[in-house]
Amino acid sequence: QVQLVESGGGSVQAGGSLRLSCVASGYIYRDSCMGWFRQAPGKEREVVATIHNGYNGYRTTYYADSVKGRFTISQDSAKDTLYLQMNSLKPEDTAMYSCAASSCAGIRTRPDNYNYWGQGTQVTVAS
């Protein structure tokens, strides 16, 4: 049974930073994908950043254009934790952020590519 638990959300002023964490239990990291998605009220869930851990240990990442250069996805396998460092936050980054995971053969960017989801953590950026 895979469980994902997010933390680190909160309210910040525009230009501020937050770091989200997602602790995974019951999950195997090799040849797998994990990612951060977000959903704002009245909008569809969208990809923020994803990471693929290849069977050979090679790791690749993907970022939505809207967050490139501001957000960084990382993973600490020893701690079973996925991170999202968010800098230079903007009001349009306000959303519920969710962590997701799945077995996969390459980078995956669509929500329906993922089998396991956390409950989410709210990020609110004030102007």
Side-chain angles (χ1 to χ4, degrees):
Q1 182 76 13
V2 176
Q3 289 188 324
L4 305 173
V5 179
E6 303 98 332
S7 62
S11 298
V12 296
Q13 293 293 115
S17 298
L18 285 172
R19 188 175 81 155
L20 306 184
S21 299
C22 172
V23 178
S25 60
Y27 189 68
I28 299 173
Y29 284 91
R30 294 177 70 185
D31 211 12
S32 64
C33 292
M34 293 192 78
W36 289 98
F37 293 79
R38 66 187 182 188
Q39 187 168 21
K43 294 188 177 182
E44 292 187 353
R45 180 178 279 171
E46 63 177 5
V47 65
V48 176
T50 65
I51 191 166
H52 171 243
N53 295 293
Y55 189 80
N56 59 4
Y58 189 70
R59 183 175 288 177
T60 56
T61 57
Y62 167 88
Y63 293 93
D65 287 343
S66 59
V67 306
K68 279 181 183 176
R70 301 188 297 124
F71 291 11
T72 303
I73 189 171
S74 63
Q75 195 169 33
D76 185 338
S77 300
K79 295 181 179 180
D80 295 335
T81 303
L82 181 75
Y83 300 100
L84 184 69
Q85 178 66 44
M86 305 186 294
N87 299 328
S88 302
L89 282 162
K90 304 175 181 179
E92 50 264 44
D93 294 319
T94 295
M96 179 70 75
Y97 284 70
S98 298
C99 170
S102 184
S103 299
C104 62
I107 200 79
R108 295 289 184 267
T109 63
R110 297 200 331 250
D112 59 5
N113 292 144
Y114 289 80
N115 297 324
Y116 305 103
W117 291 85
Q119 292 188 328
T121 185
Q122 178 68 36
V123 171
T124 303
V125 185
S127 56

Could you measure the distance from the [atom1] atom of [X] to the [atom2] atom of [Y]? Nearest 0.5 Å is fine.
{"X": "E46", "Y": "Q39", "atom1": "CD", "atom2": "CD", "answer": "9.5 Å"}
{"X": "L82", "Y": "S74", "atom1": "CG", "atom2": "OG", "answer": "7.0 Å"}
{"X": "C99", "Y": "W36", "atom1": "SG", "atom2": "CH2", "answer": "5.0 Å"}
{"X": "S11", "Y": "L89", "atom1": "OG", "atom2": "CG", "answer": "11.0 Å"}
{"X": "Q75", "Y": "D80", "atom1": "CD", "atom2": "CG", "answer": "9.0 Å"}

Which atom names give the shortest non-hydrogen contact between [X] and [Y], and what distance separates them?
{"X": "S127", "Y": "P91", "result": "CB-CG, 3.8 Å"}
{"X": "T50", "Y": "F37", "result": "CG2-CZ, 4.3 Å"}
{"X": "S88", "Y": "S17", "result": "N-OG, 4.3 Å"}
{"X": "G106", "Y": "C33", "result": "O-SG, 3.1 Å"}

Check for a donor-acceptor pair, side chain of E6 on one end and backbone N or O of Q119 on the other, with a separation under 3.5 Å.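 Yes, the answer is positive, given that a donor and an acceptor are paired below the 3.5 Å cut-off.
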
Determine whether a donor-acceptor pair (N or O, by modelled atom type, separation under 3.5 Å) exists between the side chain of Y63 and the backbone of I73.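 Checked: pair present.
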
Are the side chains of [X] and [Y] in touch, meaning some heavy atoms are under 4.5 Å apart?
{"X": "V123", "Y": "L20", "result": "yes"}
{"X": "H52", "Y": "C104", "result": "yes"}
{"X": "E92", "Y": "V125", "result": "no"}
{"X": "L4", "Y": "M34", "result": "yes"}
{"X": "V67", "Y": "R38", "result": "yes"}
{"X": "R45", "Y": "W117", "result": "yes"}
{"X": "F71", "Y": "L18", "result": "no"}

Answer with yes or no whether the hydrophobic clustering places V47 together with I107; edges join I, L, V, M, F, W, Y residues whose side-chain heavy atoms lie under 4.5 Å apart.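 Same cluster: V47 reaches I107 through Ile, Leu, Val, Met, Phe, Trp or Tyr contacts under 4.5 Å.
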
Tell me, please, whether Y114 has R108 positioned over its six-membered ring: NZ or CZ under 6.0 Å from the ring centre and within 45 degrees of its axis?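 Verdict for Y114: no cation-pi partner in R108.
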
D76 and T81: side chain donor to acceptor below 3.5 Å: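 No, no side-chain donor-acceptor pair sits under 3.5 Å.
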
Is Y116 atom OH crowded by more than 12 heavy atoms from other residues, nucleotides or ligands, each under 6.0 Å away?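 Incorrect, the count does not exceed 12.
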
Can you tell whether the side chains of K90 and D93 come within less than 4.0 Å, N to carboxylate O?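 Salt bridge absent between K90 and D93.
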
